[in-house]
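All values below were derived from every heavy atom in this structure, side-chain atoms included, with hydrogens, water molecules and symmetry-related copies excluded.
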Amino acid sequence: MELSTLDYSFIVVFFSIVLGIGIYVSKKSGKNSSEFFLSGRTMPWWLLGLSMVATTFSTDTPNLVTDLVRTSGVSGNWGWWCFLLTGMLTVFVYAKLWRKSNVKTDLEFYELRYGGAPASFLRKFRAVYLGILFNVITMSAVTLAAIKIGGIMLGLEPWQTVIGAGLITVIFSALGGFKGVVYTDFLLFFVAMAGAIGAAYYLVNIPEVGGIQAIIESENVKDKLNILPDLSDTKAVVTILVIPLAVQWWSSWYPGGEPGGGGYIAQRMLAAKNENHAIGATFFFNIMHYALRPWPWILVALASLVVYPDVASISEAFPNVPADKLGHDLAYSAMLTKLPSGLLGVVLASLIAAYMSTISTQLNWGSSYMVFDFYKQQINPNATEKQMVAVGRLSTVVLMILSAFLALAMQNAMGIFNLLLSFGAGTGLIFILRWFWWRINSWSEISAMFSSGILAILLETTALRPILFDSETGLLPDWGELPFIMLVTSVIWLSATFMTQPESKQVLRDFYKKIQPGGPGWSKVVKEAREDNDEVVLENEKWSVPSGITAMLLGVVLVYSTMFATGYWIYGKTTLALILTGVAVLSGLLLIRAWNRMKDNIL
């Protein structure tokens, strides 16, 4: 495949604009650490919402969706669709709490909610654990997708893709800081959406595919179309639908889908102008992320089954791709090679946009941990603003280098997705409850973090997985791995909670005064404070969580019905599409009513 002058023009113009933005905002971004990592907490909801969407518009996401559709059908996407529940809970319950905390990173929360040496250890350890280990793994998955795209579409060697894509991204990220990331995300969102939609429309209608009706009637696709798994297949229902909706969404920590909010989603909430802007940003993100964005990728994945029915056909068409990089996820890139001049340039620019948005966000977020939660806490408590910005820029470069080397050694994004889910299994309930139950302490989180990580490593590296979960000889069903880790981890952290001392009265009261979480989980603390004549709660404040959960459920119905209605309109199933569209409209009206009871308006 060869790029035309027009294609190169799109790419060069795009790179120029992005680097121009980074250079333009670099002076203000480097003024102090708050500007470099949070843009002075002045960001509006719509800009932060678009930034969240652009960040998750990663190069590895269409590859992952393609892998899921080709191996498990459209319904296989419930593995990540389930995180909508987490997202909506964050919107209507946790967004305002994060913004009220006024912390610089979500890890600073640990020394607000907990006290003493365990809290300090937890903050510093997770800065390294998440900021380096998890962050590097996530970025390497994104870079691996870029390597596969570069190999298929441009014939590039892996090291060429890594250097070419990584160098510009790290320069831009180090210069522009958070403001540069968010400003360019505004551009990247529209470029990425245009590329995804344009590619889907063209590829569905190429002669080899023959249009949407030909896809639906294809023998290679017929059993892949269902949005819900085959209800007669008990194993498929349990693994694809029940476990994600009953267990995974609240029990697993996953980047971008953290129960209770966290990571780069929390970073954007903390950068918002106020609580309402934090809520508006996360709500906008969840609508765009789940309701509107998946279908262009799904359509290309389904079309790829017509052209490349198996991995062998991909290998035959692209013999230069290394064997260790072959997989179903390559089908997305393989289909893109069929795009015409001009559109090809737009799509390549959109993929570069997706890569840069995700990597720049991960770099800035990870660097914020290194600066605020490790360097300033552990190495130089008296660090100046200039020193912190310098360390932020240095750690940006180091994180990029580490992720590039790891990407060169990786093979498949699906395996990385499952590994990250296993590492975080069982920890999510703590992140949900720690705001509303006084008894949770530092040791609750420390024990959960280590137990889930150790279990995931043992299952990955020893004979424990075959013994427990082999499909024929295992002691437990082969779908039981995630529930098993969740259950064991939950038993361990609950035991640790009650076997250790609670946080001090002063720490608990200070947290309550600042956040005002309310609810029965704090009744003991409030009662004792009042007995000591220490007023910690607003007299007329109503606990907003029940109404928040109502709004969350309505939001979930709104987004799912919109997403599924879109799919059925595409499939030509008019009756189902009309019913679901009606459900979406009704749930939207009820959500507006519920929200008006909570606030005068969202903005």
Euclidean distance, [Y] [atom2] relative to [X] [atom1], rounded to 0.5 Å:
{"X": "Asn135", "Y": "Ile359", "atom1": "CG", "atom2": "CD1", "result": "8.5 Å"}
{"X": "Met52", "Y": "Phe189", "atom1": "CE", "atom2": "CZ", "result": "13.5 Å"}
{"X": "Leu576", "Y": "Ile227", "atom1": "CG", "atom2": "CD1", "result": "8.5 Å"}
{"X": "Gln248", "Y": "Met486", "atom1": "CD", "atom2": "CE", "result": "11.0 Å"}
{"X": "Leu589", "Y": "Leu558", "atom1": "CG", "atom2": "CG", "result": "9.5 Å"}
{"X": "Leu339", "Y": "Leu203", "atom1": "CG", "atom2": "CG", "result": "4.5 Å"}

Under 3.5 Å donor-acceptor, [X] side chain and [Y] backbone:
{"X": "Lys224", "Y": "Val69", "result": "no"}
{"X": "Ser547", "Y": "Ser544", "result": "yes"}
{"X": "Glu275", "Y": "Lys100", "result": "no"}
{"X": "Trp295", "Y": "Met563", "result": "yes"}
{"X": "Trp249", "Y": "Cys82", "result": "no"}
{"X": "Arg434", "Y": "Glu445", "result": "no"}
{"X": "Asn226", "Y": "Pro229", "result": "no"}
{"X": "Tyr308", "Y": "Leu330", "result": "no"}
{"X": "Arg113", "Y": "Ile440", "result": "yes"}
{"X": "Ser51", "Y": "Leu47", "result": "no"}

Could you tell me whether Tyr201 atom OH has more than 12 heavy atoms of other residues or ligands within 6.0 Å of it?
->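 At most 12 heavy atoms, drawn from other residues, nucleotides or ligands, come within 6.0 Å of this atom.
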
Going by heavy atoms in the side chains, are [X] and [Y] under 4.5 Å from each other?
{"X": "Met356", "Y": "Thr184", "answer": "no"}
{"X": "Leu591", "Y": "Phe283", "answer": "yes"}
{"X": "Thr66", "Y": "Asp329", "answer": "no"}
{"X": "Leu133", "Y": "Ile137", "answer": "yes"}
{"X": "Leu84", "Y": "Asn286", "answer": "yes"}
{"X": "Tyr568", "Y": "Thr575", "answer": "no"}
{"X": "Trp250", "Y": "Leu429", "answer": "yes"}
{"X": "Leu130", "Y": "Leu107", "answer": "yes"}

Sort out for me which residue in Asp106, Thr105, Asn364 forms a side-chain hydrogen bond (donor to acceptor under 3.5 Å, both in side chains) with Gln267.
->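 Answer to the side-chain hydrogen bond (donor to acceptor under 3.5 Å, both in side chains) test with Gln267 among Asp106, Thr105, Asn364: Asn364.
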
Show me, pair by pair, the donor-acceptor contacts under 3.5 angstrom made by side chains of residues 209-217, not counting sequence neighbours?
unit_1 : atom_1 : unit_2 : atom_2 : d
Gln213 : NE2    : Glu217 : OE2    : 3.0

Steps toward side chain to side chain contact (heavy atoms under 4.5 Å, CB included) verdict (Val557, Leu590) = CA-CA 11 Å; Val557 173; Leu590 291 173; over 6 Å; no

Looking only at heavy atoms, what is the nearest atom pair of [X] and [Y], with distance?
{"X": "Ile243", "Y": "Pro483", "value": "CD1-CG, 4.0 Å"}
{"X": "Asp67", "Y": "His328", "value": "OD1-CB, 3.8 Å"}
{"X": "Pro520", "Y": "Trp543", "value": "CD-CZ3, 3.6 Å"}
{"X": "Val307", "Y": "Lys338", "value": "CG1-CE, 3.7 Å"}
{"X": "Ser101", "Y": "Lys514", "value": "O-CE, 2.8 Å"}
{"X": "Leu231", "Y": "Val237", "value": "CA-CG2, 3.7 Å"}

Among side-chain atoms of Trp569 and Thr581, is any donor-acceptor pair under 3.5 angstrom?
->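 There is such a pair between these side chains.
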
Given the rule in the side chain to side chain contact (heavy atoms under 4.5 Å, CB included) test, do Leu112 and Phe511 qualify, once you have shown the distances and angles that lead to the verdict?
-> CA-CA 6 Å; Leu112 177 67; Phe511 176 79; 3.9 Å; yes

Please report the C-alpha distance between Tyr560 and Tyr290 in whole Å, then the side-chain angles of each, then the deciding distance to 0.1 Å, and finally whether the ring-ring contact (aromatic ring centres under 6.0 Å, His included) criterion is met.
-> CA-CA 8 Å; Tyr560 277 150; Tyr290 294 99; 7.4 Å; no

Checking side chain to side chain contact (heavy atoms under 4.5 Å, CB included) for the pair Val65/Trp80: CA distance, chi angles, key distance, verdict?
-> CA-CA 9 Å; Val65 170; Trp80 66 278; 4.0 Å; yes

Which of parallel (below 30°), tilted (30 to 60°) and perpendicular (above 60°) describes Phe285 and His289?
->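 Rings of Phe285 and His289: parallel, under 30°.
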
Give me the ring orientation class for Phe109 and Trp98: parallel if the planes are under 30° apart, tilted from 30 to 60°, perpendicular past 60°.
->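 It falls in the tilted class, 30° to 60°.
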
Please lay out, stage by stage, how Trp45 and Ile279 fare under the test side chain to side chain contact (heavy atoms under 4.5 Å, CB included).
-> CA-CA 8 Å; Trp45 68 272; Ile279 294 169; over 6 Å; no

Using the test side chain to side chain donor-acceptor pair (under 3.5 Å), find all partners of Arg126 that sit at least two apart in sequence or belong to another chain.
->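 Arg126 satisfies side chain to side chain donor-acceptor pair (under 3.5 Å) with Tyr110 once adjacent residues are dropped.
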
